[in-house]
2 protein chains.
Amino acid sequence: MSKPSHLAPKVRATLTDVAAHAGVSVGTASKALSGTGRMRPETRQRVLDAVRALDFRPNQQAQSLHSGRSWTVGLMTTDGIGRFSTPVLLGAEDALGAGKISVLLCDTRGDAIREQHHLRNLMDRRVDGIIVTGRRTDPRPPLSGIHDGVPVVYALSPSMDPEDISVVSDDAQGCRLAIEHLLAIGRSRIAHVTGPGHHAAAQDRARYTRTLLDEASLELSTGRVHFGDWSEAWGRRAAEAVLRAAPDTDAFFCGNDQIARGVTDTLRERAVRVPEEIAVVGYDNWDTMALAARPPLTTIDVDLTEIGRVAALRLLAAIDENPQPGGVQVPCRLVVRESA
Amino acid sequence: MSKPSHLAPKVRATLTDVAAHAGVSVGTASKALSGTGRMRPETRQRVLDAVRALDFRPNQQAQSLHSGRSWTVGLMTTDGIGRFSTPVLLGAEDALGAGKISVLLCDTRGDAIREQHHLRNLMDRRVDGIIVTGRRTDPRPPLSGIHDGVPVVYALSPSMDPEDISVVSDDAQGCRLAIEHLLAIGRSRIAHVTGPGHHAAAQDRARYTRTLLDEASLELSTGRVHFGDWSEAWGRRAAEAVLRAAPDTDAFFCGNDQIARGVTDTLRERAVRVPEEIAVVGYDNWDTMALAARPPLTTIDVDLTEIGRVAALRLLAAIDENPQPGGVQVPCRLVVRESA
DNA sequence: AGCAACTGCGCAAACCTTTTCCGAGCCCGA
DNA sequence: TCGGGCTCGGAAAAGGTTTGCGCAGTTGCT
């Protein structure tokens, strides 16, 4: 049952209505709006007046159907919209919104079936492009299935195919910031506590840390990297292990802020002064963690929003047929608070 | 420059192609696919074969243009996509996805101008409905501007207009769960530490807490509610104030998990055993906080995902012209861990 | 056998906008 | 005064799908 028409007079004006109201043909009305074609100023004005009078707004769907562009991109996030994908997503949405492009959100929950399903849906909706983002920094298999000529950009989790466009965080530079800061404040007995060894983020940062210490002719205070998980509990346990194994440790570089916070908690309980006796540097700059820690954490800010923005810009370029294939590394920032 | 056509033969088949391939007219092909209309089984089969041969998938845009339904809803989030709106969003996306509906994401950053802009955009795209969600539980002004016959559902932040459809968390029931649990484990000197008094979440929970204690002929151990902010630091400070003012306090009910965690940290430093001497109950069940606290927090789980899901279902009902106006309260769950 | 009913399928309109093409009318100059 | 050139605006098609209607052919009943 649709409402009686006398109750719903405002069914949204079409260009035909505008043309009728202005006493011209649809074609002329269109030209008046798009600026193409030449016509008498007063004719154009009549059309513009009609537009205002009827509150006309062009039907996006009709425009898209005609132009073949939907002014829409798909944003596939592989696992929920966690702490990591959210800022990426917002950065992308922001950059795309400026270009009159809307974002179609898909959550695959890490499920390949769902991914296929969403991909088909996006293709049916004729999206202009797709951004794929995940939580982990581990490379992921490229989008499988047909995505014809539709460009794809991977954000945060790079594609395994180096030909694809991937925008990731510059872990090497982030580690450099952290280590150089610690060296600059006079530390030389540095321990590294991080997440699971099978996570690229943990593995990579551990490798870079080693290399950087090497360059400074130093080595890890405990002689090894402490792999565990990304939790505070692990940070607390690891800190005790480190203090036992290498009591002369004067700094912790941690794989994320939760671990760093756990470390500071243990140090606090042991009445070790931070940063005077031992400095602590985290990673991620997760406010709720970094600010609540005692003392507040010096940490590496992974500019996730920027990653999203850059990914969006790369995608726009690719849509406009100027693809710049390959990887992009977005630099990190060092945020100095009180822990180091 | 588009690619030479011999390199891009797969330009996506249209129904016309299918019809030609099957030797029927477009109309017939359409009917064969939709199941409408009567036709010889072999004719239908020929069409189906052609569909498979050409990998035909209907053009959503064209379908939408024709049907007037876009199978799309707008999801406006008022401030970033924080810890609160994210689960809501996912719940909604999940429920809508099951109904073949896609989600158009808009972030207003709490800006009215942006909200208008996005609203117009959504209307131009002919969304079938809109879900509005925010971080705060404070009522918000209803969506202003024209949204014609497009139904709107408010999630988490209710609309100020009681006629609108709003899906919120049942704070009263959540508080009841917390207080009844504390009473059941034999506590009677309960303190309440919460966020800013000008937040509805803090104000409401404080009021309910008072009422519930009243029903049990009890009163707050410190005689008043401790308003502050939602941070751990406030929880730590407040705990000290409470211990000073009412040393016989045997339980803390906190406005959120961060405050609760701050409280446990102070208690731990004072060597007060939790929960033996003092029990602590949080609110929100934010895993990273609740699990990292020592001991892990007993807390109230605000089922945000369910709120999103329910909002989506209400919206679907409204789209199908079965609107059920007014508010819906989604119940909370008590999650018992070790702190109470 | 003849008529009615029914089946199977195609045509064309509709959804709404944009774009292209073309004709009509005007002005001006020769 | 007439023709050429220019300006303006209308008509039509395209984009892909759905659907109402009508036509033709076939079956079934009397």
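Chain letters run A, B, ... following the sequence lines, proteins first, then strands; residues in each count from 1.
Nucleic acid contact class of T14(A) (heavy atoms, under 4.0 Å, all strands): sugar-phosphate only. As judged by a 4.0 angstrom heavy-atom cut-off over every strand, T43(A) is placed among residues touching the sugar-phosphate backbone only.
Over its length, the helix from dA1(C)-dT30(D) to dA30(C)-dT1(D) turns its helix axis by 70°, as judged from the five terminal pairs at each end, rounded to 10°.
With contacts defined as side-chain heavy-atom distances shorter than 4.5 Å, the pair T133(A)/F84(A) does not qualify. In this structure, L90(A) and L304(A) have side chains that are not in contact, with every pair of non-hydrogen atoms separated by 4.5 Å or more. Under the 4.5 Å side-chain criterion, counting only non-hydrogen atoms from C-beta, V152(B) is not in contact with I165(B). L89(A) places none of its side-chain heavy atoms less than 4.5 Å from the side chain of D107(B). Here the side chains of V167(B) and V153(B) are in contact, with some heavy-atom distance below 4.5 Å. Taking 4.5 Å as the limit, some side-chain heavy atom of R109(A) sits within range of a side-chain heavy atom of D94(B).
Donor-acceptor pairing under 3.5 Å is recorded for the side chains of S144(B) and Q116(B). With 3.5 Å as the limit, one finds a donor-acceptor pair spanning the side chains of D49(A) and Q45(A). Between the side chains of R125(A) and S102(B), at least one donor N or O lies within less than 3.5 Å of an accepting N or O.
Annotation: of the two residues near DNA chain C, A62(B) and T36(A), the 5′-most nearest-nucleotide partner is A62(B). The residue among T16(A) and R38(B) whose nearest nucleotide of DNA chain C is located toward the 5' end is R38(B). The 5' end of DNA chain D is approached more closely, in terms of each residue's nearest nucleotide, by M39(A) than by the other of M39(A) and V26(A).
Ion pairing of E115(B) with R120(B) is absent here, as no side-chain N (NZ or NE/NH1/NH2) approaches a carboxylate O to less than 4.0 Å.
Extent of DNA chain D lying under 4.0 Å from chain B heavy atoms, first and last nucleotide in 5' to 3' order, is dG16(D) to dC21(D). Here chain A contacts DNA chain C (any atom closer than 4.0 Å to a heavy atom, that is under 4.0 Å), and the contacts span dC16(C) to dC21(C) from 5' to 3'.
The side chain to side chain contact (heavy atoms under 4.5 Å, CB included) test with L122(A) singles out one residue from I130(A), L75(A), T72(A), V150(A), and that residue is I130(A).
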